[in-house]
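A, B, ... follow the sequence lines: proteins, then strands. Residue 1 opens every chain. Everything numeric here is computed off the predicted structure, so don't read it as measured data.
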Protein chains: 2
Amino acid sequence: MVYTVGEMAKRLGVAPSTLRFYDKEGLLPFVERSEGGIRLFKDADFEWLRIIECLKKTGMPLKDIKEFIMMAMAGDDTIEDRLALIQKQRESVEQKIQELTEIHQVLRFKQWYYETAKTEGTTSVPRSMALEELPEEFREVRKQLRGE
Amino acid sequence: MVYTVGEMAKRLGVAPSTLRFYDKEGLLPFVERSEGGIRLFKDADFEWLRIIECLKKTGMPLKDIKEFIMMAMAGDDTIEDRLALIQKQRESVEQKIQELTEIHQVLRFKQWYYETAKTEGTTSVPRSMALEELPEEFREVRKQLRGE
DNA sequence: TCTTGACTTAAAGATAACTTTAACTTCTAT
DNA sequence: ATAGAAGTTAAAGTTATCTTTAAGTCAAGA
């Protein structure tokens, strides 16, 4: 089964211009062309595009993703480099999850803060509350926010 | 205790130009000035900047963060709106964590894939492996990547 | 064959979030 | 009083990731 750029874009949920842009940037060296110059995406290419999508979601810039694709095109000599890259990216994702988890706790604190403000009619109640008065799970968060 | 823009920037670990930019964009209406026009950051402002930093890390655009700051400046009439905004942002962070967790599993699969390729000397071994041959935890991932 | 919709490229435009530059002012220490 | 570090602004520049536009080409159906 082959797809045009529009069909593949729809399948991936992106704009056709995005795929053309990626191709221009050298991220899609595996895409073949018809006699007339039309891009012909194959099912195997779908998997490449999913990998690109995945790496992009880890926050990897396109030029680094391109490096990865180039290595894959180069063949089995680059297996160790690709492994190292994937490992590094996995660690980076673990860090991001860690950071988001901390941010989540700050937002939970702020939610409590505004819920309290709402029942009391004013933010000055939760704001001026003594450390021991607030739920224990939020004490550390408030200290961090206020700069120790 | 008051701080100049450079001192506060150092305390936060950002460039002074970033704080000036935020101020120009209207995110720092609480910052006062000296007679001569020098910004005077106070300890209470540090907390505001931490909140801005936190919202930024949730992926909120600066113009939305500005809206939040404006509401806070407007006083207790906006408590419910602020609560709603924080709740929405908390949900958004939960979604992001969820998504990153899925991406993490893809990277774990890819790591296994390249580790196997490394011991076998070629990617064709893990690539052409039957679904039942691969670790059960990665079967679903590979199906997703290949498009069912 | 002709029409029409989707394809092609190169180049310009959009957007967010800063950063840099240039010209000038303020503050602090001697 | 003055030097120099750090402050001020407006405006232009940067980077990343696309999107849009313009002018033209390809491919499939009537």
Side-chain angles (χ1 to χ4, degrees), chain A residues 1-42 45 48-69 89 92 96 99 103, chain B residues 1-42 45 48-69 89 92 96 99 103:
Chain A
M1 194 60 190
V2 298
Y3 307 85
T4 65
V5 70
E7 289 160 352
M8 188 50 108
K10 182 165 275 179
R11 191 170 167 198
L12 284 161
V14 303
S17 61
T18 304
L19 293 183
R20 293 198 185 99
F21 171 72
Y22 286 176
D23 195 13
K24 195 178 61 173
E25 294 298 299
L27 273 81
L28 315 181
F30 44 81
V31 174
E32 298 180 6
R33 299 285 186 130
S34 75
E35 282 283 304
I38 304 283
R39 289 179 187 83
L40 301 174
F41 290 82
K42 304 192 283 174
D45 300 344
W48 279 116
L49 290 164
R50 292 296 285 264
I51 294 292
I52 290 172
E53 186 191 17
C54 174
L55 290 176
K56 217 159 60 70
K57 283 180 180 166
T58 70
M60 184 182 277
L62 295 185
K63 68 175 180 47
D64 293 3
I65 296 177
K66 177 182 172 176
E67 283 311 300
F68 178 74
I69 301 282
Q89 218 54 25
S92 149
K96 277 186 213 293
E99 192 182 28
I103 284 164
Chain B
M1 193 61 190
V2 297
Y3 308 85
T4 64
V5 72
E7 289 160 352
M8 187 51 105
K10 183 165 272 177
R11 191 171 166 196
L12 285 161
V14 303
S17 61
T18 304
L19 294 183
R20 294 198 185 99
F21 171 71
Y22 287 175
D23 195 11
K24 195 178 60 175
E25 294 299 299
L27 273 80
L28 316 180
F30 44 81
V31 174
E32 298 180 6
R33 302 281 188 131
S34 74
E35 282 282 305
I38 305 282
R39 289 178 187 84
L40 302 175
F41 289 83
K42 304 192 284 174
D45 300 343
W48 279 116
L49 289 164
R50 291 297 285 264
I51 294 292
I52 289 172
E53 186 191 17
C54 174
L55 291 176
K56 219 161 59 72
K57 283 181 180 165
T58 70
M60 184 181 277
L62 296 185
K63 68 175 181 48
D64 292 3
I65 296 177
K66 178 182 172 176
E67 284 312 300
F68 178 74
I69 300 281
Q89 217 55 25
S92 148
K96 276 187 213 294
E99 191 183 28
I103 284 163

Fill in the blank from the handout: The answer to which of B:K56 and B:I38 contacts DNA chain C further toward the 5' end, by nearest nucleotide, is B:K56
Completion exercise
Walking DNA chain C from its 5' end, the first of A:R33 and B:F21 to be reached, judged by nearest nucleotide, is A:R33
Starting at atom [atom1] of [X], determine the distance to atom [atom2] of [N], rounded to an integer number of angstrom.
| X | N | atom1 | atom2 | result |
| --- | --- | --- | --- | --- |
| B:E7 | C:dC27 | CD | P | 14 Å |
| B:K24 | D:dG7 | NZ | P | 17 Å |
| B:F41 | D:dA6 | CZ | C1' | 14 Å |

If only side-chain N and O atoms of [X] are considered, is one of them under 4.0 Å from the OP1 or OP2 phosphate oxygen of [N]?
| X | N | value |
| --- | --- | --- |
| A:Y22 | D:dC18 | yes |
| A:R20 | C:dT9 | no |
| B:T18 | C:dT19 | yes |
| B:S34 | D:dG7 | no |

Practice task
Taking only the side-chain heavy atoms of B:L62 (C-beta and beyond), determine which of C:dA17, D:dG7, C:dT19 contains the nearest atom.
Solution key: C:dA17
Practice task
With the side chain counted from C-beta on, respond yes when B:I69 and B:F30 share a heavy-atom pair under 4.5 Å apart, and no when they do not.
Solution key: yes
Completion exercise
Closest to the 5' end of DNA chain D, once B:T4 and A:P16 are matched to their nearest nucleotides, is B:T4
Practice task
Answer yes when A:K57 and A:E53 have at least one side-chain N-carboxylate O distance shorter than 4.0 Å, and no when they do not.
Solution key: yes
Problem - Result of checking A:T4, A:L28, A:V2, A:L12 against A:F41 for side-chain contact (heavy atoms from CB on, under 4.5 Å) - result: A:L28
Practice task
Look only at the side chain of B:D45 and the backbone of B:K42, and say whether a donor-acceptor pair between them is shorter than 3.5 Å.
Solution key: yes
Handout entry: Sugar-phosphate, base or nothing in reach of B:S17, heavy atoms under 4.0 Å
Key = base
